[in-house]
Each structure stands twice: as structure tokens, then as C-alpha cells.
Amino acid sequence: MKQNNRKKAAWIFAVTFLIVLAVLAAAMLKTSAYNHTRHHADLAGTAVFSERGAQAEGISVTAAPRGSTWTKVFDLYDEGLTEHNYQAFTYDFTFANKTKDEVSDFVFRLGFRHDAFLSSAWNGALEIHQNTASGEAVAYIPDLRDYDPADYALNYFTVDGETLIAMKDGDYLVYYPSTGMNAMEIPIKANEGTTPGFIMYVPIGASIEDSSLALDFTFHRLLTGEPLFWVSSGTMSSSTNPSRPSPASSMPRTPIQTATPKE
């Protein structure tokens, strides 16, 4: 009898072990697929520049211009203008991770609908795309603070000694986040964020709030963050630690004898 029980227990353990291995393998495959999935979101500027921001599969994107009284005269066509007609704004783009996983990578594209002049950017690198008379001009700039127009075939404008990259309707920039120790923007940990920024000149009274923003990003999830991992762990734990009757319940019961009253 005991030998049959042992065989049965061994058979149950073996089957359970195979099930656990299958579930664990499924958890590993699911986690790997999740970590290699590239997510994409097209976000309207009206949402991005709103107080609530735009939402994209666990990431919120909010852009806000800082207050500015910094204006200059942009005499683009040598017309002898003397009145200030362009205003500088600092735009902070905040990418907040709303998930329990890390954002392992992200890249965003900012498309322009109106004229703007790019003065500065910090942390990451930029890829500028301009529509020119000779076709599309593309330039990768590792750090805009070190920009030298002689090194790139881009349209630019200089005012008061400041060199500005001209962005027109249909032009766009691609932002690559910094991985340097001084300004590390990826990964973005769970429930944290990062804020790259730009300084741009736009016509007084105008803004870039009608721009479009396309976001590509990936997450990184630990195996322990996959629910199937805990299913396999719980199943294995149950099979190796079967419930046993408590000592009290296994003790033989003896009938309670009561004394018979004497007459």
C-alpha cells in the first residue's frame, strides 16, 4: 500500500514539475517578447501642450513653455525691420513612466507646422530634417551647444551673433535621449520621468502647440514582474509542501465518559 502511494506521489510530482517548467518557459518567452516590443504613438500637439498631457501606453508626455519676455528683431529678408517680432521660449518636454516596468529606450519626433528657430537643446542628440530647394537635408548633431553651421548643410539664420537653425512647415527633428552619466535619461525607472528641453524662437503671438509628436519606446520587465512566473512558483511550492493534517486532528479521539448519577 505504501509503495503504491509513493509511486503515485512521485508521478504527481513529475507531472507537476513538467507543468511548472512549461509555465516558467511561457513566462520567459512572454517577458522576452514584451521587452523586445517597440511601441509607437502619434500624439497631437494640443494634447501634449495641455495641462493633462498626452497618454501613450503607460507613458505621459507633457510639454510646457516657460514664461518669456525675451524678444529679438528677425529681419529675415533684409527689409530694414527694427521692431522686435520674434520671442524666445524654453520648452520642457516631460516623459513620465506610469508603469511598474522600466522604459528602456525612447525616441521622439517633433514635426513643425509653422516657422520656428531652434536655438538650444540639452541632454540628448538631435537629428534635423529640413526641406530645402535641393531636397531633404538631414544632419545628426550630438550636442546642439557645440553646433557649427560650417559643419552641416542646414538652413540657418544669425541674429545678434546667435546662430539659429531654421525649422519650417514640414520640417522635423528627432530627439535621441542621453545615456551619459551627467545627464542619463534612459532607462526611466518605474513611476519616474525625464525632461529634455529646447529653446526656440517663434513669431510673437505664435507657438509650436500645433506641432505633432511621434513617440517610439520600449519597456523592460523583470521575469519576476510577469504573473506567469508567480503561477509557476506557487504551483511548485504547493507540490513540494503538501498540506498535512495538524497533530490535533490526527490524534485518536476517545469518547467522553460521563458519570452516571447515583440514585
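Just the heavy atoms: all of them, side chains too, but no hydrogens, waters or symmetry mates, feed the values below. Values in this document were obtained by computation on a predicted structure and should not be read as measured data. Throughout, numbering of the chain's residues begins at 1 and tracks the sequence.
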Inset, instruction - Output, in order, the C-alpha distance, side-chain angles, deciding distance and verdict of side chain to side chain donor-acceptor pair (under 3.5 Å) for Tyr175 and Asn123. - result: CA-CA 10 Å; Tyr175 181 86; Asn123 295 346; 4.7 Å; no
Inset, instruction - Test side chain to side chain contact (heavy atoms under 4.5 Å, CB included) on Thr194 and Phe106 and set out the steps. - result: CA-CA 11 Å; Thr194 188; Phe106 76 93; 3.9 Å; yes
Legend entry - Criterion side chain to side chain donor-acceptor pair (under 3.5 Å) on Thr99 and Asp101, from CA distance to verdict: CA-CA 5 Å; Thr99 73; Asp101 306 313; 4.5 Å; no
Legend entry - Steps toward side chain to side chain donor-acceptor pair (under 3.5 Å) verdict (Tyr201, Gln87): CA-CA 5 Å; Tyr201 285 88; Gln87 185 171 7; over 6 Å; no
Inset, instruction - Kindly determine whether His39 and Glu57 satisfy side chain to side chain donor-acceptor pair (under 3.5 Å), including the steps that lead there. - result: CA-CA 8 Å; His39 305 267; Glu57 288 188 76; 3.0 Å; yes
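Tyr86 is not connected to Met200 by any chain of hydrophobic side-chain contacts under 4.5 Å among Ile, Leu, Val, Met, Phe, Trp and Tyr, and they are in different clusters.
In this model, a donor atom of one side chain and an acceptor atom of the other lie less than 3.5 Å apart for His84 and Thr71.
Of all heavy-atom pairs spanning Ala137 and Thr132, the tightest one is CB-CG2, 3.9 Å.
Summarising the geometry, atom CD1 belonging to Ile204 is positioned 6.5 Å from atom CG belonging to Asn85; distances are rounded to the nearest 0.5 Å.
Counting heavy atoms from C-beta on, the side chains of Phe89 and Ile199 never come closer than 4.5 Å.
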Less than 3.5 Å apart, which donor and acceptor atoms pair up between the side chains of residues 111-122 and the rest of the protein, not counting sequence neighbours?
unit_1, atom_1, unit_2, atom_2, d
His114, NE2, Asp210, OD2, 2.6
Ser119, OG, Glu162, OE2, 2.4

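Ring pair Phe198/Phe93: centre-to-centre distance below 6.0 Å.
For Asp216, the side-chain contact (heavy atoms from CB on, under 4.5 Å) criterion is met by Arg38, His40, not counting sequence neighbours.
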